Number of protein chains: 2
Amino acid sequence: MSKEPKLSFKQQQLIVRENAIIDATNALLAQKGYDLMTMDEVAAEVGIAKASLYKHFPSKEALAAAAMVRLLENTIAFVRDLDTQLPAIEQLKNVLKWALDIRIKGGLPTLPNENTSLRDALLNNNRYLNRLLDLNEHMAGLIEKARTEGVIRQELPVDVVLFTIYARSCDPTLDYLRSSGQYTDEQVIDFLISTCFRGLQ
Amino acid sequence: MSKEPKLSFKQQQLIVRENAIIDATNALLAQKGYDLMTMDEVAAEVGIAKASLYKHFPSKEALAAAAMVRLLENTIAFVRDLDTQLPAIEQLKNVLKWALDIRIKGGLPTLPNENTSLRDALLNNNRYLNRLLDLNEHMAGLIEKARTEGVIRQELPVDVVLFTIYARSCDPTLDYLRSSGQYTDEQVIDFLISTCFRGLQ
DNA sequence: GTCTATACCATGATAGAC
DNA sequence: GTCTATCATGGTATAGAC
């Protein structure tokens with residue numbers, strides 16, 4: 001595409017490096033959360049000096065935001081590629097299953113809740129907000145479809161269902177059940193999906 | 001009870017002061033979480049100097065652990081006082097409702113998940129662990145009773161039900177729905193209890 | 001037991017050489 | 001753009017006077 005392959009190659013190198021940085025950030029965000037993640041750790045994980053990190057991302061907040069944006073983009077891509085032949089409720093379950101699989105592999109940072117200072121940064125990040133709105137729209141469409149198919153309770157508003165599914169992707173129950181050592185990862189995921197959609201009763 | 005009322009009075013004063021400290025700790029833990037809570041804030045909230053705080057509690061971890069122990073004791077007391085005439089499932093719902101009410105009032109720290117450094121401290125705290133085991137036994141009894149009454153799915157192990165209910169007490173869905181401003185607090189709590197026990201379908 | 005003042009350390013961010 | 005070395009801030013914890 002570019003007229004100067006050399007420049008393009010350099011740019012490619014840059015992208016690869018920055019992807020590696022975001023990989024490390026993602027893992028550390030998932031493992032320790034935003035506040036406990038340190039820039040020293042990220043740099044060490046990537047194998048570069050901390051100062052070099054700051055040449056790529058101007059701040060810790062910007063770095064974390066970039067990681068969250070990439071995560072949202074991957075999620076949107078997954079949702080777009082869902083098999084539309086399936087009942088909407090099965091598509092929703094597949095989204096949750098996909099998220100839980102990623103989480104078990106150590107790559108899913110928990111939702112930015114009100115306790116963390118990352119939240120404010122993300123709420124001021126337009127790239128992040130745009131991706132989030134985009135994902136929300138896709139998910140809301142699926143939820144409404146599932147409702148017209150009669151498999152989601154009518155009295156539950158769409159946003160209640162949406163947040164409930166989002167929250168289940170970072171449910172601490174996953175960690176507790178896994179650390180009990182009594183179940184396989186697949187069983188734990190099935191429990192979470194089942195209790196989310198069918199409840200306890 | 002004591003032979004020396006004067007000493008007992010001093011001890012009472014101490015208890016009152018320490019209760020005030022734990023009150024402040026509880027609120028800050030709920031608001032910001034363990035890592036973002038600072039000893040300066042706790043001291044300022046109570047109205048004493050930071051050094052005085054350390055005369056009462058030897059460390060930040062010990063202080064947070066004391067707050068969590070008191071919370072567990074209050075929970076156990078509530079569970080003990082439940083109306084045993086009610087169906088077990090209604091008693092379980094009442095426990096969750098009670099916890100969510102406290103959380104809305106700003107007094108319920110989130111569960112210590114794997115991300116926080118508080119977790120290790122609590123796992124080494126025998127007072128905390130004993131209270132937790134005690135509560136777990138009470139709750140497990142209720143869950144088994146509800147199961148024999150046929151209102152909890154047989155295929156769900158007791159610990160899955162237990163953790164699922166615990167996790168719902170710190171579900172971020174509560175914050176998201178409240179901040180949307182579309183529902184009353186009571187509605188939000190009903191949504192959470194309903195989706196927990198009946199699910200989305 | 002309360003205070004002021006401070007030691008000590010971790011961490012986000014930067015300077016400046018190469 | 002990478003590095004080493006450093007700064008500035010804020011936090012836990014403590015010393016020592018009263």
Side-chain angles (χ1 to χ4, degrees), chain A residues 6-25 28-29 31-68 115-122 124-125, chain B residues 6-25 28-29 31-68 115-122 124-125:
Chain A
K6 245 186 179 176
L7 197 74
S8 174
F9 177 70
K10 267 193 181 177
Q11 285 178 335
Q12 258 187 327
Q13 270 191 320
L14 189 87
I15 292 177
V16 167
R17 167 61 54 94
E18 299 204 336
N19 261 326
I21 294 174
I22 292 184
D23 284 340
T25 305
L28 284 168
L29 277 180
Q31 196 181 103
K32 326 181 68 169
Y34 177 74
D35 296 303
L36 263 61
M37 175 190 86
T38 72
M39 296 298 268
D40 294 81
E41 285 169 325
V42 177
E45 181 87 7
V46 179
I48 61 177
K50 183 166 54 170
S52 307
L53 207 53
Y54 278 90
K55 298 283 184 182
H56 291 274
F57 299 92
S59 71
K60 184 183 177 182
E61 285 184 352
L63 173 58
M68 299 301 288
N115 289 347
T116 176
S117 47
L118 177 60
R119 188 185 148 93
D120 296 337
L122 291 177
N124 290 325
N125 187 310
Chain B
K6 245 186 178 174
L7 196 74
S8 175
F9 176 69
K10 267 194 181 176
Q11 285 177 336
Q12 257 187 326
Q13 270 190 319
L14 188 87
I15 291 176
V16 168
R17 167 60 54 93
E18 299 204 336
N19 261 326
I21 295 175
I22 292 184
D23 284 339
T25 305
L28 285 168
L29 277 180
Q31 197 182 105
K32 327 180 67 170
Y34 176 75
D35 296 303
L36 263 62
M37 174 189 86
T38 71
M39 296 299 268
D40 293 79
E41 285 169 325
V42 177
E45 181 87 7
V46 179
I48 61 177
K50 185 167 50 172
S52 306
L53 206 54
Y54 278 91
K55 297 286 183 182
H56 291 274
F57 299 93
S59 71
K60 184 183 177 182
E61 285 184 352
L63 172 59
M68 299 300 289
N115 289 347
T116 176
S117 47
L118 177 60
R119 188 186 147 93
D120 295 337
L122 291 177
N124 290 326
N125 186 310

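All of these numbers come straight from a predicted model, not from anything done at the bench. Numbers restart at 1 for each chain; the letters A, B, ... are given by sequence-line order, proteins then strands.
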B/Ile48 backbone acceptor or donor facing B/Ser52 side chain under 3.5 Å: no
Shortest non-hydrogen contact between A/Asn125 and A/Ala65, atoms and distance: ND2-CB, 3.3 Å
Pair listing, side chain to side chain donor-acceptor pair (under 3.5 Å) test, anchored in residues 55-67 of chain B, at least two apart: B/Glu18-B/His56
Would you indicate whether the side-chain heavy atoms of A/Leu63 and A/Tyr34 approach each other to under 4.5 Å? no
For DNA chain C, which residues of residues 13-25 of chain B approach it to below 4.0 angstrom with any heavy atom? B/Arg17
If a pair satisfies salt bridge (Lys or Arg N to Asp or Glu O under 4.0 Å) and one of its residues is in residues 41-50 of chain A, list it, with sequence neighbours excluded. A/Lys32-A/Glu41, A/Asp40-A/Lys50
Just how far is it from atom CG of B/Leu53 to atom CD1 of B/Ile21, taken to the nearest 0.5 Å? 5.0 Å
Could you report the tightest heavy-atom contact between A/Thr25 and A/Ala67, atom names first, then the distance? CG2-CB, 4.0 Å
Contacts of B/Asn19 meeting side-chain hydrogen bond (donor to acceptor under 3.5 Å, both in side chains) (sequence neighbours excluded), chain-then-number -> B/Arg70
Contact pattern, 5' to 3', of nucleotides 8-15 of chain C - B, S or - by protein heavy atom under 4.0 Å: ---SBBBB
Minimum heavy-atom distance between B/Ala43 and B/Ala49, given as atom pair plus value: CB-C, 3.9 Å
Spatial distance of atom CD (A/Gln12) from atom CG (A/Leu14) [nearest 0.5 Å]: 11.0 Å
Outermost contacting nts on DNA chain D, any atom under 4.0 Å from chain B heavy atoms, listed 5' then 3', are D/dG11 to D/dA15
